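Worksheet: the structure to be examined is printed underneath.
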Amino acid sequence: MLSPSVDPSPILNGLNPQQRAAVTAPDGPVLVLAGPGSGKTRVLTHRVAYLVRERGFSPYRIMAVTFTNKAAREMRERLEALLSPADVRRLTVGTFHATCARILRREAEVLGLSRNYVIFDAADQIALIKQVLRTLNLDEKKYAPAALRQAIAKAKQELIPPEAYTTSTYYAEIVRRVYELYQRTLRDNDGLDFADLLMLTVRLFQEHPSVLARYQERYQQILVDEFQDTNTAQYALLRLLGGRHHNVFCVGDEDQSVYLWRGADYRNLLRFRQDFPQVRLYLLEQNYRSTETILEAAQAVIRPNPNRVEKALFTRRGRGPKIVVHEAYNEEDEARYVVETIARLAREEGIRPGECAVMYRTNAQSRALEEAFVQAGMPYRLVGATRFYQRREIKDLLAYLRVVHTPTDWVSMRRIINVPPRGIGAKTLAWLEQTAHREDVPVWTLLRRVRGDEEGPPPAGLGSRARRALAAFTGLVQGWIEAAEGLTVAELIRRILEESGYAAYVQDGSEEGRERWANILELRNVAADYAHLTLTDFLADVALVSDVDNLEETADAPTLLTLHSAKGLEFRAVFITGLEEGLLPHQHAFEDPEEMAEERRLFYVGITRAKDRLYLTRAFRRTVWGQSELTRPSCFLEDIPGELVVGHHPGAGGGAGGGVGAFKEMLAWSGASSRPAPPPALQFRPGQRVRHPTFGEGVVLESRARGSDEEVTVNFEEVGTKRLLVSFARLERAG
DNA sequence: CTAGTCAGGCTTTTT
DNA sequence: GCCTGACTAG
């Protein structure tokens, strides 16, 4: 293991020549074009370590920008092996958004911004847009808040403020008017949305050259991961910050650009080469992740995309097993196939469930999969969909905290002013909004007048019941504001939960209520973990974390996630489900070749997550909005060479004609006959007593072969009837 | 004012 | 098929 040739620098140990060249690149702009699994993160990390240890840069002068918080955390962890803890702490490592948030907090005054601004996430933005629509007397049925949000975000990403928003259509005129009032209301509430974080930082630097100069001097080395995903604002930021020292080190892969819709522009790769003419180019073509079979399939899938530079990717991992294409009857059958195969992989190939991932195009597809996992009694980890921070109870509690933090935040207050119900209804709300608007004061001021805390015109037009309800609510908030000073965030949460009646409101005795309460306790635990954080910091951090960031590595359970969230991750076995026309590629892509190219890249990202085994599945019938419909295999499947694949390869066309009865379809569905199922010897019999580690003891009701596995139905004493797969559920005979 | 029922729209993808 | 918003009875 010990090599006789002593390498002078441990930082370069174990790097291949291509990686080494990139890591040791001389000063000046650098662009590393890296294929999937080529050790991008490694190169980035080692470059940072190299700059500190070999080139003598202070960690304080280095900024590394990643795409997700998870990537940032991973980078820090890797750096801890190469640098001293003190050095790692002094580095600036984070996402664009988090980094900008910090800069803005520090420089708030220059921009005339409140230092205690609150970050509005997508749901908050929607709520605010709805409020704006009401004020402007616009019908939210006609002007979808989600579409308006998208339009506003797009403008901000392109650094277009409301006053510069030009319009040529009636709809665009509406957008402009909504954007204008949205932005004003946002500021009145001391709020910044995601796009603001970037746009305002760019503006800060553009309009205040002395501030820019300070940051240029501080960050002499800038490193960027996933460069292909930068949008106009982010790129402008890089250009500004790197404008003096030109030491911008970008790593990216245009074939993995999947955020066009979010404003990402892979043409920034070209722009970068124009704006920094002395840029040095490095290629990383060796793939360390996947087998030859998987890598070849991936390249075959991406090749048809126009205007790309072909990379000569290669791997030394050997051929590996073939890719399995599986056609299931419907989405439930597809999900069962996935669960059973994961079980089989664990049994026969030593691939742990935790090393498997199940991917899909849309979040809606996760339901059928989840149900299959639950039925089999197999734990799973779900990324996205019902995101923790988007759950109602979490948003409610955060709204309470925000109100205590900034009582003039009407968007948050509106959310919880009557949750739990305390007699403040629609009429009272309308009165508050109108009066506040008419007198041009925050609602909070009005509330204080109602309670008599503040001098002002008497509140006319309020009934005595409403008045009492409002005064009581104001008293609660006032109490928390006063208490907040001396309390940790966790203690404040405890008090709010109790005094607001929210605890009792959630714990209504139902199963759902228990779950919600558990989520609330989890948030309180998060707060307790960060006991040193002030309420301001806590709220800021919470708004910027996403689900992938908190992916626990420990539990041995498969991960369910969208293809988008899969970026940057790797798994021994990957299942890509729903390979159907209209789903992958998605319906929206058919009119626009650009979008179609992005769908292809998305599929490419999915394939290249797999190290050893790749499964591509589809359902012959799929339920869309409660209607079961026939599907057609994804056109992408045809691009994978037949010799890389076993199983059902399209070409003969799976879709049966219309007017065929369900029974005939079942026969026509080739998967039905081609599934070999040698029934295993059954281990359990009805009547037997069994024990399960989490469900406790129970009696077997039924046991039957399911594929190559055994499915047992058990009536547990504590939790009732469950269906379990023997290979997963750690079921023992008892009694 | 609340709690219940019902109709209609909805699904890309996320920092 | 699920969630949101509108409507209705108490």
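Note that this is a predicted model, so its numbers are computed, not measured. Below, read A as the first sequence line, B as the second, and so on, with proteins coming before strands; counting in each chain starts at 1.
A/Gln234 comes within 4.0 angstrom of no nucleic acid atom, judged by non-hydrogen atoms across all strands. Here A/Arg149 lies in heavy-atom contact (under 4.0 Å) with a base. A/Tyr259 comes within 4.0 angstrom of sugar-phosphate atoms only, judged by non-hydrogen atoms across all strands, and of no base. No contact: A/Thr623 has no heavy atom under 4.0 Å from any strand.
The distance between atom CD1 of A/Ile126 and atom C1' of B/dC10, rounded to the nearest whole Å, is 13 Å. Separating the CG atom of A/Asp229 from the C1' atom of B/dT15 is a distance of 11 Å, rounded to the nearest angstrom. Here B/dT14 presents its P atom at 22 Å from CZ of A/Phe120, a figure rounded to the nearest Å. Here B/dT2 presents its P atom at 13 Å from NZ of A/Lys427, a figure rounded to the nearest Å. Rounded to an integer number of Å, the gap from A/Gln125 CD to B/dT15 C1' is 11 Å.
Nucleotides C/dT4 and B/dT13 place their C1' atoms 22 Å apart, quoted to the nearest Å.
Between A/Glu599 and A/Thr428, the residue anchored nearer the 5' end of DNA chain B, judged by the nucleotide with its closest heavy atom, is A/Thr428. Nearest-nucleotide positions on DNA chain B for A/Asn418 and A/His564 put A/Asn418 closer to the 5' end.
When the ring pair (Phe, Tyr, Trp, His ring centres under 6.0 Å) test is applied to A/Phe636, the partners found at least two apart in sequence or on another chain are A/Phe603. With sequence neighbours excluded, the residues satisfying ring pair (Phe, Tyr, Trp, His ring centres under 6.0 Å) with A/Tyr215 are A/Phe205. With sequence neighbours excluded, the residues forming a ring pair (Phe, Tyr, Trp, His ring centres under 6.0 Å) with A/Tyr505 are A/Tyr502, listed by chain and number. For the side-chain contact (heavy atoms from CB on, under 4.5 Å) test, residues two or more places apart in sequence or in another chain that qualify with A/Pro161 are A/Glu163, A/Ala164, A/Arg203. Applying the ring pair (Phe, Tyr, Trp, His ring centres under 6.0 Å) criterion to A/His405, with sequence neighbours excluded, gives no partner residue.
No N or O donor and acceptor, one from the side chain of A/His586 and one from the base of B/dT12, sit under 3.5 Å apart.
In this structure, the aromatic ring of A/Trp261 is positioned over the six-membered ring of the base of B/dT13, centres within 5.5 Å and planes within 30°.
Between A/Asp124 and A/Arg402 there is a salt bridge, since a side-chain N of the basic residue sits under 4.0 Å from a carboxylate O of the acidic one. A salt bridge does not link A/Arg367 with A/Glu371: none of the charged nitrogens is closer than 4.0 Å to a carboxylate oxygen.
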Anything under 3.5 Å between a protein N or O and an N or O of nucleotides 3-10 of chain C, put it in a table, one pair a line.
from	atom 1	to	atom 2	distance (Å)
C/dG5	OP1	A/Lys130	NZ	2.7

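Checked against B/dT12, B/dT15, B/dA3, the side chain of A/Phe194 finds its nearest nucleotide in B/dT15. Nearest to the side chain of A/His588, among B/dT15, B/dT2, B/dT12, sits B/dT12. With B/dT15, B/dT11, B/dT12 as the choices, the nucleotide that has an atom nearest any side-chain atom of A/Ala364 turns out to be B/dT11.
At the phosphate of B/dT15, neither OP1 nor OP2 sits under 4.0 Å from any side-chain N or O atom of A/Asn69. Side-chain N/O atoms of A/Ser565 include one lying less than 4.0 angstrom from OP1 or OP2 on B/dT14.
In the model, A/Glu433 has a side-chain atom that pairs as donor or acceptor with a side-chain atom of A/Trp410 under 3.5 Å.
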